[in-house]
Amino acid sequence: MHDKGARRTFRMGAVFFYALLCGIICLPLLICGLGWFSYNIFKENYTLRESILRFEEDFQKAQSIAERLENIEELLDENSVAGKDILLRRLAASSETDSASPSGAQADSADENRQAPQSPKDTPQETVPTISTDDYIKVENVQARALRENKLRIALDLRNADTRKIAVGRVSVVLLTADGSRHEPVFVPHNVGDFRISRFKRTVMRANLAHRLNLVNAQVILEVRREDDSVVYRNLFAVER
């Protein structure tokens, strides 16, 4: 059958023709490459999403643990809390168990290194006579730490050496800066250092420093006094940052 309609002729350059031919040939390869690239992106996105979910779960666990520890610390700071003595005894028992382990020995050695006098170059040029009357009160786990906003935190454990009697007294602190000047922190509440214990007490004292002090290489003089104001314990401790 012959077509008697109008005929049209299109002319195409050789360069354009070969380019179109190469494009048609390379199109399957391009599709395969894009598919492989998309699969890798999807796989990396899935891995990152799993990591983010795992990190969020770990963060929530850590946050809940920190909140519980903060609540326990606030309870320990309160004097009239039911069950406080039971909690303190359990904490004391756990600390004794940790001190019996090798890691506890290493921690004790680290505490001794912190409590040991530092070199004259890094410490205030002042000597403080050490006093320790173990037959009345024992002082353990002392930690002095500089907090943000010019705050100071002192934590220590007090143990009654004679459980047949009640140990009564108070804890006082003097801050020594690197230039040798002395400062008496005002703790809140002011009687937080007072104690009346039969066995054990965990004492945590916080103070807002009146002036903007430089606490680099600072130290604290920690004293424990009887009810008659006689000193039964005195030692020098570095302020951690």
Side-chain angles (χ1 to χ4, degrees), residues 70 72-81 84 88 91 110-161 166-197 200-241:
E70 186 176 357
I72 291 175
E73 187 175 3
E74 291 179 358
L75 289 176
L76 293 176
D77 292 340
E78 296 291 337
N79 294 324
S80 58
V81 176
K84 178 180 177 180
L88 290 175
L91 290 174
D111 291 338
E112 291 177 356
N113 292 333
R114 285 200 304 267
Q115 296 176 8
Q118 302 177 1
S119 61
K121 181 180 179 181
D122 297 333
T123 59
Q125 299 297 326
E126 184 166 347
T127 58
V128 176
T130 302
I131 299 175
S132 180
T133 307
D134 292 336
D135 58 348
Y136 183 75
I137 200 77
K138 294 182 180 180
V139 181
E140 302 173 346
N141 301 326
V142 179
Q143 185 182 40
R145 183 179 296 275
L147 304 178
R148 294 181 179 178
E149 299 178 358
N150 207 33
K151 295 182 180 180
L152 182 66
R153 180 182 183 273
I154 308 293
L156 66 151
D157 295 338
L158 297 174
R159 294 183 184 273
N160 188 1
I166 301 296
V168 182
R170 63 184 178 90
V171 180
S172 62
V173 176
V174 176
L175 176 64
L176 291 177
T177 54
D179 57 0
S181 59
R182 289 182 172 225
H183 306 271
E184 293 187 2
V186 179
F187 293 98
V188 180
H190 66 280
N191 60 345
V192 67
D194 298 347
F195 63 87
R196 183 182 181 87
I197 56 176
F200 172 83
K201 180 181 180 182
R202 174 69 174 175
T203 301
V204 179
M205 309 165 62
R206 292 185 179 87
N208 297 324
L209 302 179
H211 305 286
R212 202 72 179 173
L213 300 176
N214 184 8
L215 298 183
V216 177
N217 297 327
Q219 294 177 312
V220 292
I221 302 175
L222 182 70
E223 290 185 346
V224 179
R225 297 176 179 269
R226 291 176 182 258
E227 196 173 12
D228 59 359
D229 208 37
S230 60
V231 180
V232 296
Y233 180 86
R234 181 191 294 130
N235 208 342
L236 193 66
F237 298 92
V239 176
E240 301 176 6
R241 296 179 60 82

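Every heavy atom of this structure was used, including side-chain atoms; hydrogens, water molecules and symmetry mates were not.
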Sequence-distant partners of Asp194, side chain to side chain contact (heavy atoms under 4.5 Å, CB included), two or more places apart: Arg170, Asn191
For the residue pair Arg159 and Glu140, establish whether any side-chain heavy-atom pair is separated by less than 4.5 Å. yes
What's the separation between atom OG in Ser172 and atom CZ in Arg234, rounded to the nearest 0.5 Å? 9.0 Å
Arg196 side chain reached by Ile166 side chain, heavy atoms, under 4.5 Å: yes
Give the minimum heavy-atom separation between Ala155 and Arg202, together with the two atoms involved. CB-NH2, 3.5 Å
Val216 versus Ala178, closest heavy-atom pair with distance: O-CB, 3.6 Å
Would you compute the distance between atom CZ of Phe200 and atom CG of Leu158 and round it to the nearest 0.5 angstrom? 8.0 Å
When every non-hydrogen atom of Val192 is compared with those of Thr203, the smallest separation belongs to O-CG2, 4.0 Å
Under the side-chain contact (heavy atoms from CB on, under 4.5 Å) test against Leu175, which residue among Leu209, Ile221, Ile154 passes? Leu209
Val239 and Val220, any side-chain heavy atoms less than 4.5 Å apart: yes
Could you measure the distance from the CG atom of Leu176 to the CG atom of Leu236? Nearest 0.5 Å is fine. 6.5 Å
Between Phe187 and Val173, is there a side-chain heavy-atom distance shorter than 4.5 Å? yes
Restricting to side chain to side chain contact (heavy atoms under 4.5 Å, CB included), what partner residues turn up for Thr130, sequence neighbours left out? Asn235
Shortest non-hydrogen pair, Phe195 vs Ala167, comes out as CD1-O, 3.6 Å
Out of curiosity, Lys201 NZ to Ile137 CD1, how far, rounded to the nearest 0.5 Å? 10.0 Å
My understanding is that only residues two or more places apart in sequence, or in another chain, count here; which of them pass side chain to side chain contact (heavy atoms under 4.5 Å, CB included) with Arg145? Gln143, Leu147, Glu240
For a quick test of reading the model, state the closest non-hydrogen atom pair linking Ala218 to Thr177 and the distance between them. CB-CA, 4.3 Å
With Arg225 via salt bridge (Lys or Arg N to Asp or Glu O under 4.0 Å) - residues at least two apart: Glu223, Asp229
